Number of protein chains: 2
Amino acid sequence: MTQLLDERDFEILFAIAECETASNEEVHEATGIPKSTVHYRIQSMRENGVIKNDLFELDREGIGLKITVISEVWAEFEEGYHETVGRKLSDIEGVNQVYFTMGDTDFIVISRLTSRDMVERLVSEYESIDEIRRTSSKFAISVIKENVDIGILRDYDEETLHSGLGLTE
Amino acid sequence: MTQLLDERDFEILFAIAECETASNEEVHEATGIPKSTVHYRIQSMRENGVIKNDLFELDREGIGLKITVISEVWAEFEEGYHETVGRKLSDIEGVNQVYFTMGDTDFIVISRLTSRDMVERLVSEYESIDEIRRTSSKFAISVIKENVDIGILRDYDEETLHSGLGLTE
DNA sequence: ATTGAAACTTGATCGTT
DNA sequence: AACGATCAAGTTTCAAT
């Protein structure tokens with residue numbers, strides 16, 4: 001099996017994420033890769049499914065993030081701990097979503113990882129945070145739905161959003 | 001307080017989500033709204049923060065989705081239930097992410113909702129699914145981090161992704 | 001705030017290497 | 001596959017409403 005992506009593809013993807021634009025021009029300026037090559041590469045990534053639409057939904061498997069781990073985290077109560085602990089959790093490599101909830105769990109953390117090694121690293125990062133009392137992790141066997149960014153709108157009736165905002169015709 | 005968005009803004013956002021492109025041209029064709037007006041509206045939504053970057057990360061609060069609910073769902077074991085039940089969960093309005101896990105929980109479901117009404121609706125939708133045994137829901141008091149789509153790349157060292165894909169220099 | 005038309009920038013194509 | 005030059009196509013601006 002041949003590699004889907006090489007270093008150069010990543011350089012382009014990182015530049016897009018960094019600049020927050022997919023303009024050939026800007027990617028060219030950020031990377032030094034000629035405009036036409038940037039264009040060619042992005043087109044190739046579209047064709048092989050790594051980039052899924054014009055708004056750059058990425059195929060996580062395609063970029064090597066095959067493991068999804070969902071963790072529950074319990075922490076010591078302190079003033080403002082949802083911010084301080086939340087920030088520490090956010091900073092761990094591979095951590096993608098952090099939700100602060102109240103009740104029997106304090107945080108829910110979703111991570112995308114490349115390997116078992118990273119899972120071990122994740123756990124030891126949790127353990128190195130002083131305020132954390134206990135964690136519990138689950139592997140997602142399959143990701144059935146993820147609608148993110150602008151795609152989220154497909155989850156709703158226009159009606160629902162209108163009434164949510166108090167819009168009237 | 002004046003409304004951030006009106007019907008027309010939504011029409012444009014929905015068209016973008018539907019067409020999977022933000023081209024003035026295509027949005028114009030899909031909606032009949034003149035190109036220059038589409039341009040003007042998108043620019044305005046950028047300025048007031050509803051659209052956060054060129055790759056169309058949306059401000060969920062801005063479009064009225066103020067409530068995040070995270071649910072754990074337990075279901076009867078059946079052949080292929082992760083698909084059948086997972087699909088039913090995915091189809092509920094406002095459901096945004098569905099993860100199938102094994103062990104003490106079967107599914108983790110993340111929803112974005114506009115109102116308490118929608119929360120009640122969510123729960124009754126859960127209850128109407130035959131295979132579901134039990135559910136448990138938490139409200140996210142705050143969403144501390146969400147890196148989605150192409151932004152996910154910012155969570156990683158380039159190194160990590162390279163080694164995850166088995167790339168070598 | 002909206003729009004049609006003009007001006008301009010950029011993405012896409014093509015031919016070489 | 002990479003790339004510089006070219007051109008069609010789309011974005012952005014502008015002036016009028």
Side-chain angles (χ1 to χ4, degrees), chain A residues 1-58 62-63 149-150 158 161-162 165-169, chain B residues 1-59 62-63 149-150 158 162 165-169:
Chain A
M1 170 213 165
T2 177
Q3 281 302 339
L4 270 175
L5 298 176
D6 64 13
E7 311 261 339
R8 209 170 201 188
D9 291 315
F10 268 109
E11 196 181 354
I12 292 169
L13 289 175
F14 271 95
I16 292 172
E18 182 62 32
C19 309
E20 303 193 344
T21 177
S23 150
N24 286 347
E25 192 66 32
E26 287 204 36
V27 172
H28 158 68
E29 270 161 33
T31 60
I33 301 171
K35 287 141 58 107
S36 48
T37 306
V38 171
H39 179 71
Y40 173 79
R41 289 287 187 140
I42 290 177
Q43 192 169 271
S44 305
M45 287 191 272
R46 280 232 178 73
E47 274 160 20
N48 66 32
V50 171
I51 292 173
K52 287 186 173 171
N53 63 36
D54 279 0
L55 305 165
F56 293 93
E57 189 180 339
L58 291 182
I63 59 173
D149 282 4
I150 192 120
E158 228 165 325
L161 289 177
H162 287 170
L165 278 174
L167 286 184
T168 43
E169 185 76 42
Chain B
M1 169 215 165
T2 176
Q3 281 302 339
L4 270 176
L5 298 177
D6 65 11
E7 312 261 338
R8 208 168 202 191
D9 292 314
F10 267 110
E11 196 182 353
I12 291 169
L13 289 175
F14 271 95
I16 292 172
E18 181 63 32
C19 309
E20 304 195 342
T21 177
S23 152
N24 287 347
E25 192 68 31
E26 287 204 37
V27 172
H28 158 68
E29 272 160 33
T31 60
I33 300 170
K35 289 138 58 107
S36 49
T37 307
V38 171
H39 179 70
Y40 173 81
R41 289 288 186 140
I42 290 176
Q43 193 168 273
S44 306
M45 287 191 270
R46 280 232 178 72
E47 274 160 21
N48 67 30
V50 172
I51 291 174
K52 289 186 172 170
N53 62 37
D54 279 0
L55 305 165
F56 292 92
E57 190 179 341
L58 291 182
D59 182 79
I63 58 172
D149 282 3
I150 193 127
E158 230 165 316
H162 287 170
L165 278 173
L167 285 183
T168 43
E169 186 76 42

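Proteins come first, then strands; the chains are lettered A, B, ... in the order of their sequence lines, and each starts at number 1. The shown structure was predicted, so the numbers you read here are calculated from the model rather than taken from an experiment.
Look at CD1 on B:I42: it is 13 Å from C1' on D:dG10, rounded to the nearest Å. Counting to the nearest Å, the C1' atom of D:dA1 and the CD atom of A:E7 are 16 Å from each other. The distance between atom CD1 of A:I12 and atom P of D:dA1, rounded to the nearest whole Å, is 13 Å. Rounded to whole Å, the distance from CD on A:E29 to P on C:dT9 is 13 Å.
The shortest heavy-atom contact between B:K35 and B:E25 is NZ-OE1, 3.0 Å. Taking each heavy atom of B:I63 and B:F10 in turn, the nearest pair found is O-CZ, 4.0 Å. Minimum heavy-atom separation, B:A22 to B:V27: C-CG2, 4.4 Å.
Within a 6.0 Å sphere centred on CD of B:E18, other residues, nucleotides and ligands contribute 12 heavy atoms or fewer.
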What is the per-nucleotide protein-contact pattern of nucleotides 10-17 of chain C, from the 5' end, where B denotes a base atom under 4.0 Å from a protein heavy atom, S denotes such proximity for sugar-phosphate atoms only, and - denotes neither?
-> -SBB----
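For D:dA1, the OP1/OP2 oxygens have no side-chain nitrogen or oxygen of A:R8 closer than 4.0 Å.
Under the rule for a side-chain contact (heavy atoms from CB on, under 4.5 Å), the partners of B:N24 that lie at least two apart in sequence or sit in another chain are B:V38, B:H39, B:I42. Residues passing the salt bridge (charged side-chain N to carboxylate O under 4.0 Å, His left out) test with A:R46, sequence neighbours excluded: A:D54.
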